[in-house]
2 protein chains.
Amino acid sequence: MGALDGIVGFHIRLAHGAVYRHFTETFVDLGLTQKQVSLLWVVGDEPGVAQIELGQRLRMDRATTMTIVNRLEQRGYVQRRRSNSDGRKQALYLTAEGQAALAEAKSCIASHEAWLQARFTSDEVKKLVELLTRIHE
Amino acid sequence: MGALDGIVGFHIRLAHGAVYRHFTETFVDLGLTQKQVSLLWVVGDEPGVAQIELGQRLRMDRATTMTIVNRLEQRGYVQRRRSNSDGRKQALYLTAEGQAALAEAKSCIASHEAWLQARFTSDEVKKLVELLTRIHE
DNA sequence: GTTGAATTGTATGCTTTACTAACAAATGTG
DNA sequence: CACATTTGTTAGTAAAGCATACAATTCAAC
């Protein structure tokens, strides 16, 4: 085996770390994490989505999804209501505060993404997303 | 703002998660994590490296580096010795067990990387690493 | 239609990673 | 020499992930 720099997984880990750190800085005032923002985002896009579907979309198991939904519910951003069509499922909805937080978060994401994409041309961004998608799909 | 799929940071997070999960599966028998393996790898490449330098190479702060070195020391894979040139520094070395574990880990990394790179041509791998490097450098 | 399997949510506990703050020892600088 | 910086260390906090177990609901087989 050659050097650590030749390992693709290593670069993904480092890049993720760098993005995560910048994300945290950007969101320190809002007090939201990556997972919390993406969860809010999905619930905003699909009101009434069930926890299990959320987890599948964000690649989290049920227990992890619970933790994050719990925190967002405690903060008053998300509401649980029993689903009409399937009594096992919890349908999730944003509160007014949740919608406001999501709107703020989206503008923070915009500046975070600008920082990230500043080092790429738009073709490179497209290529990068395409390559990364092959990993997580 | 458009959809979550348009956010580069989101794809990096998902790709990292997928790689992390496969890594964990691959290393469940060895009982090593990504961080532990990369730390062993660096110490193997540069015997006598100080903790602070390790942290810089792997983008970890001192406290986090401590945690991981502690675990590897408890397992008997790594040794701390006070540096001769600078009394503040701890020089790190692999034990014989550490070297054996690293050798095994490298062969696990090889199959993990094969799984990861199977979806890319070698040109794409090169491109991906180049793009990711711009993020974490 | 009832029984048994699968799905979904929930609760609990454990592990890893990451960060902050404070302190001590060694080193470097004025 | 006095003071600041670097490095290691400890302790505490928090997020995220996973496994397990259990209850309620739904689905499937018979």
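Chain identifiers are assigned alphabetically (A, B, ...) following the order of the sequence lines, protein sequences preceding nucleic acid strands; residue numbering begins at 1 within each chain.
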Is there side-chain contact between B:Arg62 and B:Ile52, with at least one heavy-atom pair below 4.5 Å? yes

Divergence of helical axes at both termini of the helix from C:dG1-D:dC30 to C:dG30-D:dC1 - five pairs an end, 10° steps: 30°

Side-chain N,O (B:Thr33) to OP1/OP2 (C:dT17) below 4.0 Å: yes

Between B:Gln51 and A:Thr64, the residue closer to the 5' end of DNA chain D by nearest nucleotide is B:Gln51

Axial cation check for A:Phe120 ring with B:Arg134, 6.0 Å and 45° limits: no

Exercise: do A:Arg13 and B:Gln34 side chains pair donor with acceptor under 3.5 Å: yes

Between the side chains of B:Glu124 and B:Lys127, is the shortest nitrogen-to-carboxylate-oxygen separation below 4.0 Å, so that they form an ion pair? no

Heavy-atom side-chain proximity of A:Arg80 to A:Glu73 below 4.5 angstrom: yes

Between C:dT16 and B:Arg71, is there an OP1 or OP2 to side-chain N/O distance shorter than 4.0 Å? yes

Between residues 78-90 of chain A and DNA chain C, which residues have a heavy-atom gap below 4.0 Å? A:Arg80, A:Arg88, A:Lys89, A:Gln90

Sorted by position of nearest nucleotide on DNA chain C, 5' first, the leading residue of A:Tyr20 and A:Ala91 is A:Ala91

Testing the 3.5 Å rule here: is there a donor-acceptor pair between the side chains of B:Asn70 and B:Arg75? no

salt_bridge(B:Arg57, B:Glu46) N-O dist < 4.0 Å: yes

